[in-house]
There are 2 protein chains.
Amino acid sequence: MSEETVVPSVPPARKQQQRSIVTQQKLLDAAVEAFSENGFKGTSTRDIAERAGVHHPLITYHFKNKDQLWRAAANHIFKAFTRSLAQSLEQNKDMCPKERMARMISAYVKYARSQPALHKVMVQEASYPNPRLDWLIERHLKPLFDATFGMLVELQKLGVAPPGDPALLFNMIRLSSGGLLALGNELKASSGIDVDSPETLDAISELIIKVFLPGEMPENWKQQTAA
Amino acid sequence: MSEETVVPSVPPARKQQQRSIVTQQKLLDAAVEAFSENGFKGTSTRDIAERAGVHHPLITYHFKNKDQLWRAAANHIFKAFTRSLAQSLEQNKDMCPKERMARMISAYVKYARSQPALHKVMVQEASYPNPRLDWLIERHLKPLFDATFGMLVELQKLGVAPPGDPALLFNMIRLSSGGLLALGNELKASSGIDVDSPETLDAISELIIKVFLPGEMPENWKQQTAA
DNA sequence: CACTTTTTTGTCCAAACTGGAGAAAACGAG
DNA sequence: CTCGTTTTCTCCAGTTTGGACAAAAAAGTG
């Protein structure tokens, strides 16, 4: 009897219908887009419903209220991103640390292009202190940071990444890729950069790697991991 | 240089009063802050007036309407920034190209810290295509880009900056400094970076320079500029 | 199939907020 | 003191806001 139907996970007395899932998905995608463009305050639930091509009371039905919808949207986008990142890590687990990180950066650049909202949403919320930002940090950002931090420190020890605060390094890489692609609308007109071209994406990844991972791997790096 | 009558459209038959100037300034500062936090659509003129501690019809009086106020606010912030940048260039015109660019980056980092709105406003407008973005690019971004582009190309020729698309390089530097500081609210909690500490600012500048201008100046660089 | 739950539709609301207008008062430069 | 400049106060007409709710439609289940 609890009204805590956060999204789709309390009492499945009966199976959730397919059209319901579709509606939720459409709403989530639309919400991500709208929130990333206009921020939480600047986005109306009606705008979201319209983008999703759905009647707006469905938001109340599926997500309770605007705040819950925002959270669900954030989970939605980070879930997809985390999956993509984990996949990259899995595929390259046998590579050397530099190559592994390089491919992770490439994967990030590609993802940021297909889903610039990932970065935009964070920027929108970070533009002034608010409870959603805290939630976002604890729930999504910190885990991501923690997972990458160790890799960067290792690369510094190996002389691949430049010395300096690894936290700064991490965020600069993040901004040079995600932040850059989030500016897509601007870059073409201001600097002649076309982020829609695959060659540009490759050039971005390449440059980031060259700049942030300039060193070569030492030849004997396997020693430390070997049994 | 034509003095832009950004504010009052009619020439003053009598001198502008001091309190009027103060009001305009307060409104501009408040507008910059509000627009940078919530974007154009998400900001109301009443919100701006309230932040400025001023009655809201004064916006109509001084700036005609919301759109004009936004433009005046953009001019306001870019004017201050351009002044700060020109000052850095002037002070270091006798330095070698690398040092000149390094100090410019430092100046930018410092400015971005004291006025993170500079970057935020651009991000807000770039989040979806709109006429203000076009205006911003033509009026402020492109001139800035053009002024810096040549310096970067020269540094690449000298082997100081890494090869690759200079436009990408420019924007990565911009994001690693301005974009990073615009995330100030987030960085402390997510990565333990305190952008309020002067040491952090120095570390940021230093890292950017080390990473984006890794090469040393050749000893004979004076040849080409000497008459 | 009948039945019951899930999902969608259509309508409504009360309140807040929107950008802006305009008269009149207050102020200050000359 | 005079008169243009600036501010205050009040008003408005329209839109938008997030959300409530009953009833209809659709679909899973036995």
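Order of the sequence lines sets the chain letters (A, B, ...), proteins ahead of strands, with each chain counted from 1.
The distance between atom OH of B:Tyr61 and atom C1' of C:dA21, rounded to the nearest whole Å, is 15 Å. Taking atom CG on A:Leu27 and atom C1' on C:dT7, their separation rounds to 12 Å, with Å as the unit. Rounded to a whole Å, the CD atom of A:Gln17 is 12 Å from the C1' atom of D:dT29. For B:Gln25 and D:dT6, the CD to C1' distance is 16 Å, given to the nearest whole Å. As rounded to whole Å, 11 Å separates atom P of D:dT7 from atom CD1 of B:Ile21. Across the protein-nucleic acid pair, A:Phe63 atom CZ and C:dT8 atom P stand 10 Å apart, rounded to whole Å. The distance between atom CD of B:Gln68 and atom C1' of C:dG19, rounded to the nearest whole Å, is 14 Å. Taking atom CD1 of B:Ile59 as the reference point, atom P of C:dT18 lies 11 Å away to the nearest angstrom.
Under 4.0 Å is where a charged nitrogen must lie from a carboxylate oxygen, and between B:Asp146 and B:Lys142 no such pair does.
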Which side-chain N or O atoms in residues 75-82 of chain A pair as donor and acceptor under 3.5 Å with protein atoms at least two apart or in another chain?
unit_1	atom_1	unit_2	atom_2	d
A:Asn75	OD1	A:His140	NE2	2.8
A:His76	NE2	A:Asp29	OD1	2.9
A:Thr82	OG1	A:Phe78	O	2.6

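In terms of phosphate contacts, A:Thr23 brings no side-chain nitrogen or oxygen within less than 4.0 Å of OP1 or OP2 of C:dT7.
Residue pairs meeting the ring pair (Phe, Tyr, Trp, His ring centres under 6.0 Å) criterion with at least one partner in residues 165-207 of chain A, sequence neighbours excluded, are A:Phe145-A:Phe170. Residue pairs meeting the salt bridge (charged side-chain N to carboxylate O under 4.0 Å, His left out) criterion with at least one member in residues 84-94 of chain A, sequence neighbours excluded, are A:Glu90-A:Lys93. Among residues at least two apart or in separate chains, salt bridge (charged side-chain N to carboxylate O under 4.0 Å, His left out) pairs with a member in residues 173-183 of chain B are A:Glu186-B:Arg174.
Within the 4.5 Å cutoff, the side chain of A:Ile21 has heavy atoms near those of the A:Gln16 side chain. Side-chain atoms of A:Tyr128 and A:Lys41, non-hydrogen and from C-beta on, do get closer than 4.5 Å to each other.
In this structure, CG on B:Leu58 lies 13.0 Å from CD1 on B:Ile48, to the nearest 0.5 angstrom.
Between B:Gln18 and A:Ser20, the residue anchored nearer the 5' end of DNA chain C, judged by the nucleotide with its closest heavy atom, is A:Ser20.
If one axis is set at each end of the helix from C:dC1-D:dG30 to C:dG30-D:dC1 from five pairs, those axes are 30° apart, to 10°.
Annotation for B:Glu50: atom CD does not count as buried by contact number, only 12 or fewer foreign heavy atoms lying within 6.0 Å.
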Problem set entry | Reading 5' to 3' through nucleotides 8-19 of chain D, protein heavy-atom contacts under 4.0 Å coded B for base, S for sugar-phosphate only, - for none | BBBBB----BBB
